**Q** 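Just dropping this structure here.
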Amino acid sequence: MTDEHEHYEAVVVGAGPGGAAAAAALARQGVETLVLERGVDAGSKNVSGGLIYAEESAPYTIDDLFPAIREEATERPIDEYLIHNIAGDKVKTFDLDRIHHHDTDWCDAVLRRRMDSWLAERVHELTRETGGGLLTEVRVNGLLREDGEIVGVTCDELDPIKADLIVAADGVNSELARDAGLMNWDEPEDWFQGVKAVVEMEPEVIDERFGLDGEPGAAHLFSGDLFEGVRGGGFLYTNTDSLSIGTVFHLDSLAAERAEPHELLNALLTHPLLDQWLQGEYEEREYSAKLVPDSKKVAHPSPHRGRLLLVGDAAGQMQAQGPIIKGMNHAVTAGGLAAEAYADAKTRGDPTKAGELYERKLNSEGVMDQLRPTRYRATRSIAESDVVTGVGSTLINSPVGALGMKALGGAAERAFNSPFLLGMVPDSSISYVEIPIRIAEVLGEPIEGEGDTIEPPKLADRIGDLTYDVGDPHIELLDDSYAASGTAVTACPVSAEGFGGGCYRDERVQTNGEEKHLVSLDTQPCIECGTCAVVADTDWDHPSGGKGVEYKQG
Amino acid sequence: MNTLVLTKGVPDFREGKVSFDEDGHLERGKTPTVMNPNDKVALQAALQEKVRHGGTVSLMSMGPPGYKEVLQEGMRDVYADDLYLLSDREMAAADTWATAMTVTTGIANMEETPDLIVAGFKTADGETGHTGPQTTWCHHMNDDLPDRSLLTHVVALDVDPEEGRLRAKRLVSGDVDEIETVETDLPAFVVMDPEFEPSYRKADHRLRYKDLREETKARAETFEDHLTVWNHEDLNLDPDFIGLDGSPTIVAGVDPIPKGPAEREATPVSPDDEEAMNEVLGEFTPFAGGD
Ligand SMILES: Cc1cc2nc3c(=O)[nH]c(=O)nc-3n(C[C@H](O)[C@H](O)[C@H](O)COP(=O)(O)OP(=O)(O)OC[C@H]3O[C@@H](n4cnc5c(N)ncnc54)[C@H](O)[C@@H]3O)c2cc1C
Ligand code: SF4
């Protein structure tokens with residue numbers, strides 16, 4: 001080497017499922033691999049709802065790469081899968097068994113701190129043998145370039161590092177994808193926002209209240225009129241000694257409705273339908289939130305530039321298959337394919353071809369078609385147009401629609417179970433709100449609430465439980481006018497209108513007899529969900545390595 | 001590059017661990033002994049140099065047999081390849097001079113003379129800050145040992161093993177704190193400032209650090225396999241020159257530090273009580289200008 005920069009054959013940024021898979025697959029090929037993770041521990045920054053799928057058709061699954069994962073790092077297999085369509089005090093439950101098991105080898109509930117931290121230990125062992133290894137508390141802050149070419153990464157904590165291959169597996173709001181000009185954070189409609197609570201519950205109590213018998217657990221989804229018309233839904237998954245309960249909403253809808261994410265989560269938690277499981281008892285272990293990319297819109301068709309390959313959420317590879325959320329499995333597949341592409345390119349004597357080969361593999365393995373179904377693209381412009389939404393809405397709510405719904409009955413349940421139909425579900429309120437409501441109204445049974453509804457913690461207490469040192473402010477408000485950045489006051493999951501303890505506050509300031517409506521920002525309580533990078537005018541970065549929120553559950 | 005770190009056990013002054021009797025005297029019997037916290041800083045510095053340049057880190061202490069656990073603590077919490085304990089009755093109640101004498105002889109007895117000796121800044125219970133400098137002085141008087149340059153208040157350091165040089169930054173306190181950059185030949189004796197923090201800016205160094213931390217934790221489980229204990233006979237030391245008999249320091253008296261008066265008046269006010277809150281604000285108003 002002629003300059004003094006350190007060099008590794010491959011640098012993987014991020015130790016989520018995508019980074020772990022890429023690193024393990026690279027190490028197996030004997031590639032000297034360095035993994036850089038910004039959290040104090042892998043998983044300390046990560047949130048998911050919690051169902052990891054191993055798809056039969058996938059070229060790489062997590063247990064291919066980490067055979068002991070199910071015994072050592074997941075919570076429990078999920079066998080039962082139901083969706084509850086809710087309208088007022090009526091509910092119609094559909095069994096989603098078919099879609100859940102479609103192309104599914106297995107599916108387990110997971111908590112990310114436990115899983116990712118376990119994966120990271122394995123990854124360190126594997127990569128250390130190649131001369132690399134895994135380091136935590138290192139934040140990569142950009143790409144190292146020479147003569148305009150990407151040649152490595154720059155970090156807050158380390159001197160610049162050169163590499164022949166750079167895998168950006170740094171998740172949603174990937175700073176590397178942004179730096180390379182491959183992703184932008186401009187459009188709220190490209191993202192979902194997920195918010196989640198991990199709730200304490202004894203294993204025997206879980207089994208009793210969910211009618212389970214030891215191992216396999218249950219998944220419940222919720223849609224209908226419980227979320228004030230915001231497009232999205234809720235979920236509840238059983239873990240070993242806790243429940244994961246959360247919500248996922250389209251960010252554009254959340255922003256337009258000025259909805260408060262923590263209140264929407266509370267609407268689910270306090271819904272009478274949940275009384276049967278919570279029975280008035282509620283001990284929240286953790287409150288968390290994160291953006292989720294919508295692959296239908298943002299999965300990058302060509303996720304590479306020079307030596308840089310994007311993997312997982314960083315490349316927008318997060319599939320919402322109707323109500324089923326599949327991100328972790330695709331990140332694993334992409335990580336495996338990226339490693340394979342690099343090894344192939346090397347064998348062909350030209351490692352710089354890795355990106356091209358990776359793109360080709362994503363297509364030939366059918367991954368791209370899952371992420372961006374052609375059907376959706378073909379039907380989207382019509383199905384999401386206002387005219388169609390209007391007509392559809394009138395129809396669904398008309399007596400004719402009700403008759404149709406009754407006649408359909410079982411057919412509606414079958415439609416929910418069709419991967420083909422789910423691939424083209426339009427992102428309009430019809431599919432997310434009105435159909436489920438109408439199903440419940442027409443076909444539903446009364447909900448027998450027990451009347452002992454729980455009381456969720458106050459936002460201030462939720463923030464208080466997530467105490468951490470965020471270091472220097474990592475988000476800068478570029479335009480502090482309410483018009484430009486005011487949406488963040490409601491959309492930020494740790495801020496709220498009229499609440500002074502969060503990140504964003506709105507303020508009215510008198511200057512020269514004129515009143516200005518402004519927004520102020522305090523990054524200390526930030527849980528790094530990424531929402532304000534999209535809905536407000538900010539210069540948005542992650543905090544330095546080891547700083548900021550530390551999730552214990554995730 | 002061989003580095004030796006000197007350490008001492010001190011009472012664990014942390015809340016909940018330390019015991020005082022009615023007169024405010026420390027009850028040593030009831031208070032657990034731990035490694036002097038500043039010596040961990042010294043060990044961190046030694047580990048940093050091992051990570052960067054290889055070599056060994058030895059940890060040495062003089063004290064009662066119970067100090068074995070202090071050495072184990074250093075090995076487990078920071079790092080050590082091997083441990084040395086200088087221990088017997090004759091060495092007890094030594095002042096800094098007798099300690100320096102004994103330690104210097106211990107160093108002369110080591111198989112390889114360390115290139116670098118590192119000590120922490122003052123102990124948590126004695127606070128003289130003399131042992132380091134006096135050990136260097138004893139080196140001058142010991143024909144078996146090379147002379148050592150002494151650097152104190154070191155906040156950053158790096159050795160160049162090929163050149164046999166040591167570069168360091170010292171915190172010089174005065175009217176204003178200044179950082180002085182100095183260079184000297186090895187072997188040297190360095191006293192670390194508590195402000196020192198190890199710095200690892202290379203991925204390779206952090207990976208090696210991680211390996212070494214795992215290794216040392218495993219080694220600490222069976223630390224006695226890596227421990228050498230020497231008494232005065234092993235070191236061929238004359239009892240008249242060590243321990244209490246060899247200590248010229250006379251403690252003229254010990255004055256307890258008077259406790260500061262802690263009297264405060266507090267009036268609980270409910271935030272809902274508007275009148276009372278206004279009164280509180282009224283009390284604050286005169287100070288609002290920043291006076
Ligand atoms: C509420 C919610 C529910 C979800 N439910 C599911 C579900 O049930 N099933 C499913 O499959 N998916 C689900 N997802 C999506 C899933 O979590 C993601 O798709 C998945 O985690 C993506 O994996 P990844 O490896 O690409 O990124 P991540 O898991 O986000 O990992 C990225 C890693 O990179 C690190 N990092 C980021 N920036 C840097 C930097 N600059 N330097 C160093 N390190 C960095 C992060 O700390 C992190 O460890 C859900 C998401 C949310 C928010
Ligand atoms: S400040 Fe921004 S990134 Fe942080 S929690 Fe709020 S919306 Fe999320």
Side-chain angles (χ1 to χ4, degrees), chain A residues 1 3-15 23 27 32-42 117 120-141 144 152-163 166 460 500-501 544-546, chain B residues 15 40-41 43-45 47-54 76-79 155-163 165 167 169 181 195-221 269-274 277-278 280-281 284 288:
Chain A
M1 227 173 14
D3 54 37
E4 335 159 15
H5 290 313
E6 259 189 293
H7 174 271
Y8 288 85
E9 189 172 1
V11 168
V12 175
V13 182
E32 180 200 40
T33 306
L34 174 70
V35 186
L36 301 174
E37 162 60 45
R38 68 188 179 92
V40 280
D41 183 11
S117 157
E121 276 176 38
R122 304 291 84 71
V123 166
H124 181 64
E125 287 161 12
L126 289 166
T127 50
R128 196 77 192 103
E129 278 173 29
T130 68
L134 181 146
L135 292 175
T136 53
E137 300 192 51
V138 177
R139 169 181 164 254
V140 173
N141 58 23
L144 181 70
V153 294
T154 57
C155 312
D156 288 354
E157 295 78 14
L158 299 177
D159 297 337
I161 300 168
K162 286 180 136 189
I166 302 143
S544 285
Chain B
E15 200 70 32
K40 286 200 177 160
V41 177
L43 257 185
Q44 292 284 6
L47 175 55
Q48 173 189 290
E49 292 316 291
K50 167 154 177 143
V51 165
R52 290 181 183 174
H53 309 293
R76 184 190 59 223
D77 291 2
V78 189
Y79 187 81
V155 287
L157 84 165
D158 199 17
V159 294
D160 184 338
E162 266 122 67
E163 297 279 312
R165 298 280 285 173
R167 214 164 298 122
K169 287 194 164 62
T181 306
E195 296 287 305
F196 168 83
E197 273 182 36
S199 151
Y200 299 102
R201 300 272 319 167
K202 297 252 176 286
D204 182 47
H205 290 170
R206 290 199 180 202
L207 291 167
R208 218 179 299 164
Y209 174 86
K210 217 169 141 169
D211 289 346
L212 292 175
R213 285 283 305 130
E214 263 171 47
E215 255 177 61
T216 201
K217 270 192 233 163
R219 197 163 38 236
E221 302 274 313
V269 175
S270 155
D272 302 326
D273 183 343
E274 199 173 321
M277 284 304 282
N278 274 328
V280 174
L281 286 180
F284 282 147

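Nothing here was measured: the structure is a model prediction, and the numbers come from that model. We name chains A, B, ... by the order of the sequence lines, and we start the count at 1 in each one.
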**Q** Can you check whether B:L207 reaches A:H124 side chain to side chain, under 4.5 Å on heavy atoms?
**A**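 B:L207 vs A:H124: side chains touch.
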**Q** Give the minimum heavy-atom separation between A:L158 and B:R201, together with the two atoms involved.
**A**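 Closest approach of A:L158 to B:R201: O-NH2, 3.2 Å.
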**Q** Would you say B:E195 has more than 12 foreign heavy atoms packed within less than 6.0 Å of its CD?
**A**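 For B:E195, atom CD is not crowded (no more than 12 foreign heavy atoms under 6.0 Å).
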**Q** Is atom NZ of B:K169 surrounded by more than 12 heavy atoms (other residues, nucleotides or ligands) closer than 6.0 Å?
**A**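 12 or below, so no.
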**Q** Among A:L134, A:L34, A:I161, single out the residue with the greatest number of heavy-atom pairs under 4.5 Å to chain B.
**A**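 Of A:L134, A:L34, A:I161, A:L134 has the most heavy-atom pairs under 4.5 Å with chain B.
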**Q** Applying side chain to side chain contact (heavy atoms under 4.5 Å, CB included), run through B:K210 and A:R128 and close with a yes or a no.
**A** CA-CA 11 Å; B:K210 217 169 141 169; A:R128 196 77 192 103; over 6 Å; no
**Q** So does B:R165 have more than 12 non-hydrogen atoms from other groups sitting under 6.0 Å from CZ?
**A**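 Yes, because the 6.0 Å sphere around CZ of B:R165 holds more than 12 heavy atoms from other groups.
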**Q** Side chain, backbone, both or neither: which part of B:K202 has a heavy atom under 4.5 Å from chain A?
**A**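 For B:K202, backbone and side chain are both near chain A.
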**Q** Counting only heavy atoms closer than 4.5 Å, note whether A:L36 contacts chain B via side chain, backbone, both or neither.
**A**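 Neither part.
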**Q** Roughly how far apart are A:L135 CG and B:H205 NE2, rounded to 0.5 Å?
**A**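 Taking CG in A:L135 and NE2 in B:H205, the distance rounds to 12.0 Å.
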**Q** Tell me, out of A:G132, A:C155, A:P160, who's got the most heavy-atom pairs with chain B below 4.5 Å.
**A**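 If we count pairs closer than 4.5 Å to chain B, A:G132 comes out on top.
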**Q** Taking atom CD of A:E125 as the centre, does the number of heavy atoms from other residues, nucleotides or ligands within less than 6.0 Å exceed 12?
**A**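 Count over threshold, so yes.
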